[in-house]
Amino acid sequence: MEPVSSGCKRFAGRTVVVLGGSSGIGRASALAFAQEGAFVIVTGRDPDTLAQVRSDLGDDGQVFRSDISDIAATQALMQQIKAEHGRIDVLFVNAGIGAFRTIEQVDEAFYDQMFAVNLKGPYFAVKHAIELMGEGGSIVLTSSMGHCTGIPGNSVYGASKAGLRALARTFGAELVKRGIRVNCFSPGPIDTPLITRGEMSEAEIADFRQMICEQVPMGRFGTAQEAARSVLYLASDDSSYVTGIDLLVDGGAVSF
Ligand SMILES: NC(=O)c1ccc[n+]([C@@H]2O[C@H](COP(=O)([O-])OP(=O)(O)OC[C@H]3O[C@@H](n4cnc5c(N)ncnc54)[C@H](OP(=O)(O)O)[C@@H]3O)[C@@H](O)[C@H]2O)c1
């Protein structure tokens, strides 16, 4: 796997929670946190991918099967983390789902599910996690470049991710008095299983890949490891004077 860390131990002795850390960006970040000395607690729903991360983390981590849209389950998870570890130093709220549907194709169930996973679950995860966090704590929320672009078919996903961007600002302002920083991380196209999990056929995925490579100034997808490096920056003391921002990691897609 492409290395993420330069060998520093920025998270030695720290407890890091990655909600949605069993695949893609979350998995790459979880492994990088562990490489840099953290004890890493990872959640997801799929027992197979969770077992793989558990094996990769070894003694440096723990996994829990937990659905972020289940608020009571997240609250219980935080209570268990409190009982076992006492505190959280870094909370990376990364769980998310995506699918393209035009307004004509969207129904209420699709809308509710997207918002439950991408926005409501993350909101209450932060609410329950901050009780375990204190001075020097860092929260990173995974949004998307979709929160600030008008991509056809992306209305529900983009709106849910725009909510996360707003939360980074307001949580950042509210939690500054507790010494907790809150930042938003907005990936552009990153090569992860997310692309194949959606509702696109193989032919549509191939067209989508080609379109991305033509439209992104850097001419390619980012890797999960490139995304993880930005997450670790926001989570670490390297960004100690940074709060409330949105860090776009998109090969220039939004900025040019
Ligand atoms: N890849 C991109 O191009 C891209 C671009 C912009 C933003 N993002 C965002 O980046 C984040 C990570 O995506 P990825 O590309 O790494 O995709 P991924 O490989 O599909 O990973 C998503 C992670 O979230 C977990 N997850 C999904 N629904 C969950 C739920 N209800 N409860 C708990 N965990 C859940 C997944 O585990 P389970 O499925 O086992 O639950 C998995 O660990 C997402 O928030 C996504 O919206 C990705």
Side-chain angles (χ1 to χ4, degrees), residues 17-32 40-54 56-57 61 63-74 77 92-100 112-125 140-149 151 154 156-165 167-168 184-200 205 208-209 211-213 215-216 218 220-228 230-231 234 246-251 253-254:
V17 175
V18 183
L19 301 178
S22 52
S23 171
I25 296 166
R27 178 175 185 277
S29 302
L31 299 183
V40 189
I41 296 157
V42 166
T43 71
R45 295 162 304 168
D46 178 349
D48 294 336
T49 52
L50 280 173
Q52 185 59 54
V53 178
R54 173 76 192 83
D56 292 340
L57 286 172
V63 300
F64 290 96
R65 193 174 180 199
S66 185
D67 186 330
I68 200 165
S69 67
D70 183 340
I71 310 297
T74 302
L77 171 70
F92 179 30
V93 186
N94 175 68
I97 52 173
F100 288 106
D112 286 346
Q113 173 68 2
M114 192 82 83
F115 269 76
V117 175
N118 289 0
L119 189 58
K120 184 178 176 185
Y123 187 102
F124 285 94
V140 181
L141 307 175
T142 302
S143 178
S144 164
M145 67 174 253
H147 84 72
C148 55
T149 52
I151 302 167
N154 215 27
V156 181
Y157 179 80
S160 68
K161 293 295 190 179
L164 284 174
R165 199 282 165 258
L167 292 187
C184 188
F185 148 74
S186 289
I190 308 293
D191 202 352
T192 72
L194 185 75
I195 297 154
T196 48
R197 277 184 212 261
E199 297 171 343
M200 290 192 283
I205 291 171
F208 176 69
R209 284 187 174 280
M211 180 197 75
I212 291 294
C213 293
Q215 290 186 356
V216 171
M218 285 191 179
R220 63 174 178 86
F221 278 72
T223 66
Q225 288 71 30
E226 286 175 311
S230 296
V231 172
L234 291 174
D246 181 31
L247 179 56
L248 280 156
V249 181
D250 66 349
V254 170

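Hydrogens, waters and symmetry mates play no part in the numbers below; they use all other heavy atoms, side chains included. Order of appearance sets the numbers: ligands from 1, and atoms from 1 within every ligand.
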Taking only residues two or more places apart in sequence or in another chain, which ones pass side chain to side chain donor-acceptor pair (under 3.5 Å) with Ser143?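 Ser143: no side chain to side chain donor-acceptor pair (under 3.5 Å) contacts found.
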Give a yes or no on whether Met211 atom CE has more than 12 heavy-atom contacts from other residues, nucleotides or ligands under 6.0 Å away. yes
Contact residues of ligand 1, where a non-hydrogen atom lies under 4.0 Å away: Gly20, Gly21, Ser22, Ser23, Gly24, Ile25, Gly44, Arg45, Asp46, Ser66, Asp67, Ile68, Asn94, Ala95, Gly96, Ile97, Val117, Thr142, Ser143, Ser144, Tyr157, Lys161, Pro187, Gly188, Pro189, Ile190, Thr192, Pro193, Leu194, Arg197
Would you give me the side-chain donor-acceptor pairs under 3.5 Å for residues 117-124, sequence neighbours excluded?
unit_1: Asn118; atom_1: OD1; unit_2: Ile97; atom_2: N; d: 2.9
unit_1: Asn118; atom_1: ND2; unit_2: Ile97; atom_2: O; d: 2.9
unit_1: Asn118; atom_1: ND2; unit_2: Ser160; atom_2: OG; d: 3.2

Under the rule for side-chain contact (heavy atoms from CB on, under 4.5 Å), what residues qualify as partners of Ala159, not counting sequence neighbours? Phe115
Does the side chain of Gln52 come under 3.5 Å of the side chain of Asp56 through a donor N or O and an acceptor N or O?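 Side chains of Gln52 and Asp56: pair found under 3.5 Å.
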For residues Thr49 and Arg27, is any side-chain donor paired with an opposing acceptor at under 3.5 Å?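 Not at all, the side chains of Thr49 and Arg27 share no donor-acceptor pair under 3.5 Å.
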